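Below you'll find the structure, written out as structure tokens, and then a few comments.
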Amino acid sequence: MCKIHILGNWKMNHTQKELASFCEEINSKWSELSDKAAYGIAPQTLHLSTLKTKAPKGLLVGAQNCSDQESGAYTGETSAVALKDLSIDFTLTGHSERRQLYKESDEFINRKTKLALENGLTTVLCVGETLDERESGSTAGVVCHQIEAGLKDIEPNKKLLIAYEPVWAIGTGKTATPDMAQDVHAIIRQKLYDLGHDAASTPILYGGSVKPDNIEGLLECPDIDGALVGGASLKATDFLALCRAGGMRNA
Ligand code: PEP
């Protein structure tokens with residue numbers, strides 16, 4: 001069984017003051033969480049160091065994105081080398097908002113994922129279908145293609161995680177049912193196996209309107225190894241509730 005990961009994606013939210021009060025609240029409850037699961041937050045890039053300083057020791061701090069290049073004239077980009085140098089624990093790649101709003105292609109996401117892993121960063125490759133793709137019955141094909149293209153020329157790596165995030169469930173309040181999510185997670189695990197990756201020990205997280213009141217059902221599924229959470233990770237009380245649920249699953 002894979003270690004359960006509960007990761008928050010703060011997107012472009014939270015000021016320094018909000019970050020400080022979030023940290024104050026989670027610091028006061030941190031010792032109550034099971035140490036069997038892993039918990040992390042990806043804030044805006046400019047808050048990475050502050051979160052690292054103020055968050056409880058043991059909270060993983062991650063980037064929401066990184067560049068496909070190591071260094072150089074790439075204005076506005078963040079290098080995986082610099083993230084590693086700051087002791088940042090993980091990065092997301094291929095989040096659907098990057099794919100949709102910034103037109104990131106599978107090839108571009110593959111370069112980021114490869115570079116991040118080569119630099120020793122735990123890397124969460126995000127995949128997921130749109131509503132049209134689900135309704136036309138192409139979920140498995142889309143997700144498998146994103147996995148195959150995103151992992152092209154990448155050797156099996158213990159620092160790789162996958163997040164299945166159906167686009168129609170992100171920030172919409174519509175969650176995939178545990179059965180729907182489990183079906184796709186099983187397809188992803190099989191695909192990882194077919195590609196020669198360490199399928200059994202690669203955590204596959206579910207993301208898409210996960211909240212304290214629906215996480216337990218999702219975590220009961222055999223192929224769901226945690227959650228990548230947007231909106232509900234912004235409030236410390238909700239994030240702690242999600243972490244508690246994650247810790248229980250590993251108990
Ligand atoms: C996300 O941004 O990765 C996400 C899953 O968002 P939400 O939980 O708000 O749907």
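All of these numbers come straight from a predicted model, not from anything done at the bench. Indexing begins at 1, ligand by ligand and atom by atom, following the structure's order.
For ligand 1, the atoms sitting less than 4.0 Å from at least one non-hydrogen atom of Gly208 are 5 (C), 10 (O), numbered in the order shown with element in parentheses. Interface of Asn9 with ligand 1, defined as ligand atoms under 4.0 Å from a residue heavy atom, comprises 1 (C), 2 (O), 3 (O). Distances below 4.0 Å separate heavy atoms of Leu228 from the following atoms of ligand 1: 3 (O), 5 (C).
Under a 4.0 Å N-O distance rule, the pair Asp68/Lys114 does not qualify as a salt bridge.
Residue Ile170 touches ligand 1 through backbone and side chain together, judged by heavy-atom distances below 4.0 Å. Contacts with ligand 1 closer than 4.0 Å are made by no heavy atom of Cys126, backbone or side chain.
With no hydrogens or angles considered, no side-chain donor-acceptor pair links His95 and Asn65 at under 3.5 Å. For the residue pair Thr123 / Thr93, no side-chain donor-acceptor distance below 3.5 Å is found, with atom types taken as modelled.
For atom 1 (C) of ligand 1, the closest heavy atom belonging to the protein is His95 NE2, 3.3 Å. Here the heavy atom of the protein found nearest to atom 3 (O) of ligand 1 is Glu165 OE2, 2.7 Å. When only non-hydrogen protein atoms are considered, atom 4 (C) of ligand 1 lies nearest to Gly230 N, 3.5 Å. Atom 9 (O) of ligand 1 has as its closest protein heavy atom Gly231 N, 2.9 Å.
At least one heavy atom of Ser209 sits closer than 4.0 Å to an atom of ligand 1. Distances shorter than 4.0 angstrom do not occur between any heavy atom of Ser233 and any atom of ligand 1.
The distance from the CG atom of Leu219 to the CD1 atom of Ile6 is 5.5 Å, given to the nearest 0.5 Å.
Relative orientation of the His185 and Tyr206 rings is tilted, given thresholds of 30° and 60° on the angle between their planes.
Checked by distance only, ligand 1 and Gly171 come closer than 3.5 Å through their nitrogen or oxygen atoms.
Two residues are said to be in side-chain contact when any heavy atoms from C-beta on lie closer than 4.5 Å; Val229 and Phe239 fail this criterion. Considering only heavy atoms from C-beta on, Glu133 stays 4.5 Å or farther from Val167 through its side chain.
In this structure, Ala200 and Cys2 approach most closely via the heavy-atom pair O-SG, 3.1 Å.
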